[in-house]
Structures are given as C-alpha cells and as structure tokens.
Amino acid sequence: MYEDEDIVNRIANESNFSKQDIRSMLEKCKEDYPSGILTKEDLASVFSESFHQKNAAAFSELLYNVFDKNNDGSVDVVELLCGLALFSEGATYDELLNLAFEICDLNKDGTVDLKELIKFTASVYALHPKKRKHAKQLAQEDARKLYNEMSRNRKVRVKLPEFKRVISKDPLGKYIVKLLSGE
C-alpha cells in the first residue's frame with residue numbers, strides 16, 4: 001500500500017500536495033500506522049500536532065466522520081492524507097465554509113439540526129482559548145441562537161445555504177474558517 005504509485009497519484013489528484021510530499025507523508029504514516037488504519041485517538045493526535053491544538057479530541061471525532069469517505073468506520077492513510085489536504089493552503093473561504101458544514105452534518109444527510117450544531121459548536125469552543133473553560137454552556141446558548149437564525153425560527157433542518165449565510169457573518173464562523181485554514 002505505501003509504495004503503490006496509484007495511491008500517490010490518487011492523493012495528488014485530490015490534493016495540492018506534490019508527489020514528493022505525498023511519498024514523504026506516506027513514509028511517515030508507514031512508521032506510525034503500519035496497518036494503514038487510524039483510530040479516532042490516532043486522528044486526535046495528528047490533529048493536535050498538525051494544528052497545534054491540545055484539546056482536539058471532540059473536534060477530531062467529528063473530523064473522523066468526514067475523513068471516512070467510504071463510510072466503513074475507519075480512516076485509512078489515503079483518507080487521512082486526502083482529508084488533511086482539505087486544510088492545506090489554497091482552500092477558499094467558501095470551500096472552508098462547505099467543510100465546516102460537512103463536519104457539522106454528523107449523519108451525512110445534507111442537513112444540520114440543533115443537536116448537530118451544538119456538538120459541533122462545543123467541539124470548536126473546546127479549541128478556542130477564551131471559550132474553552134465554558135465550552136459546553138456557551139455552545140448550547142450560541143448554537144441555539146445560530147440555529148434559530150439559520151432556520152428562521154421554524155425549527156427545521158438547516159441546509160448548506162442557510163448555514164453559510166449565518167456562519168459567514170458570525171464570530172464563530174470566522175474562528176472556524178481560521179481554524180480550518182490552519183492560521
């Protein structure tokens with residue numbers, strides 16, 4: 001798997017990484033994950049290292065679901081590298097908002113409900129230096145406000161356009177984009 005040129009080409013086609021960088025990353029993955037499969041704890045460690053975040057467990061769990069593109073319940077190194085490419089330089093603001101929605105859409109049905117938004121907001125606040133201490137309480141309050149604005153108080157599941165309309169104007173959205181862009 002680690003020396004397969006088809007895998008290198010696939011990752012190159014789905015990312016901004018050079019083939020040389022991909023080979024180097026695959027070599028590191030071979031050392032760290034000989035089976036080629038990452039657990040949720042492994043991804044939390046990768047996220048903590050890559051994004052210099054110590055409280056990454058909750059957010060990493062949400063990312064795990066996004067990275068698992070074939071929905072088999074595991075993340076292999078190809079999915080890992082393609083997932084990390086989402087955070088690489090060159091992603092537009094709009095692409096980062098789309099990624100935030102995908103992370104928030106826990107059941108992958110193309111919509112977000114209040115519970116999903118609360119879980120997402122709490123995981124983001126756990127990473128935020130000023131909100132970390134009261135992340136759960138603040139997430140409940142802020143997610144409800146955001147959800148009411150997104151759904152226009154109709155309590156319906158929110159689709160991508162409504163999510164982006166509200167999140168793009170909110171300080172939470174700005175922090176999320178900053179976080180996802182690696183700034």
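Side chains are part of it too, since the values below use all heavy atoms of this structure and drop only hydrogens, waters and symmetry mates.
- Residues Y147 and V112 share a closest heavy-atom pair of CE1-O, 3.7 Å.
- Side-chain contact between L172 and D142 is absent, with no heavy atoms from C-beta onward closer than 4.5 Å.
- The CG atom of D42 sits 5.0 Å away from atom OH of Y33, with the distance rounded to the nearest 0.5 Å.
- Heavy-atom contacts from other residues, nucleotides or ligands closer than 6.0 Å to CZ of R152 number 12 or fewer.
- Between the OG1 atom of T121 and the CD1 atom of I176 there is a distance of 6.5 Å, given to the nearest 0.5 Å.
- Remark: D72 engages no residue in a salt bridge (Lys or Arg N to Asp or Glu O under 4.0 Å) (not counting sequence neighbours).
- Contact check for E102 versus D105: no side-chain heavy atoms found under the 4.5 Å cut-off.
- Here the options are R157, R144, M150, the test is side-chain contact (heavy atoms from CB on, under 4.5 Å), and the partner is L114; only R144 passes.
- Of all heavy-atom pairs spanning L97 and S168, the tightest one is CD1-CB, 3.8 Å.
- In this structure, the side chains of V177 and I167 stay at 4.5 Å or more apart for every pair of heavy atoms.
- The shortest side-chain heavy-atom distance between Q140 and Q137 does not fall under the 4.5 Å cut-off.
- Note that CG of L146 and SG of C104 are 9.5 Å apart. Values are rounded to the nearest 0.5 Å.
- How far CD1 of I22 is from CD of E5: 9.0 Å, rounded to the nearest 0.5 Å.
- Taken to the nearest 0.5 Å, the CD atom of E149 stands 7.0 Å off from the NZ atom of K169.
- The two residues S60 and A44 make their nearest non-hydrogen contact at OG-CA, 3.2 Å.
- Checked by atom type and distance alone, the side chain of D68 never pairs as donor or acceptor with a backbone atom of Y64 at under 3.5 Å.
- The two residues S74 and I37 make their nearest non-hydrogen contact at CB-CG2, 3.8 Å.
- The main-chain N or O of N70 is found under 3.5 Å from a side-chain atom of E79 such that the two form a donor-acceptor pair.
- Counting only heavy atoms from C-beta outward, the side chains of F163 and L117 approach each other to under 4.5 Å.
- At least one side-chain heavy atom of I103 sits under 4.5 Å from a side-chain heavy atom of F59.
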For D113 and E116, what are the C-alpha separation, side-chain angles and deciding distance, and is it a side chain to side chain contact (heavy atoms under 4.5 Å, CB included)? CA-CA 5 Å; D113 67 15; E116 289 171 321; 3.3 Å; yes
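- Crowding of K115 atom NZ: a count of heavy atoms from other residues, nucleotides or ligands under 6.0 Å not exceeding 12.
- Looking at K159 and K164, their side chains never come closer than 4.5 Å, going by heavy atoms from C-beta outward.
- V124 and Y93 fall within the same hydrophobic cluster, where Ile, Leu, Val, Met, Phe, Trp and Tyr residues are linked whenever their side-chain heavy atoms come under 4.5 Å apart, directly or through other members.
- Under 3.5 Å, the side chains of D109 and T111 contain a donor-acceptor pair of N or O atoms.
- Considering only heavy atoms from C-beta on, M25 stays 4.5 Å or farther from L80 through its side chain.
- To the nearest 0.5 Å, atoms CD (E27) and CG (D32) are separated by 10.5 Å.
- Scored by the salt bridge (Lys or Arg N to Asp or Glu O under 4.0 Å) test, D170 finds no partners at all (sequence neighbours excluded).
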Residues K69, V75; criterion side chain to side chain contact (heavy atoms under 4.5 Å, CB included); working and verdict: CA-CA 8 Å; K69 290 295 184 189; V75 172; over 6 Å; no
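- Under 3.5 Å, the side chains of E41 and T39 contain a donor-acceptor pair of N or O atoms.
- Of all heavy-atom pairs between F17 and L81, the closest is CE1-O, 3.4 Å.
- Side chain of K119 to backbone of L62: no donor-acceptor contact under 3.5 angstrom is found.
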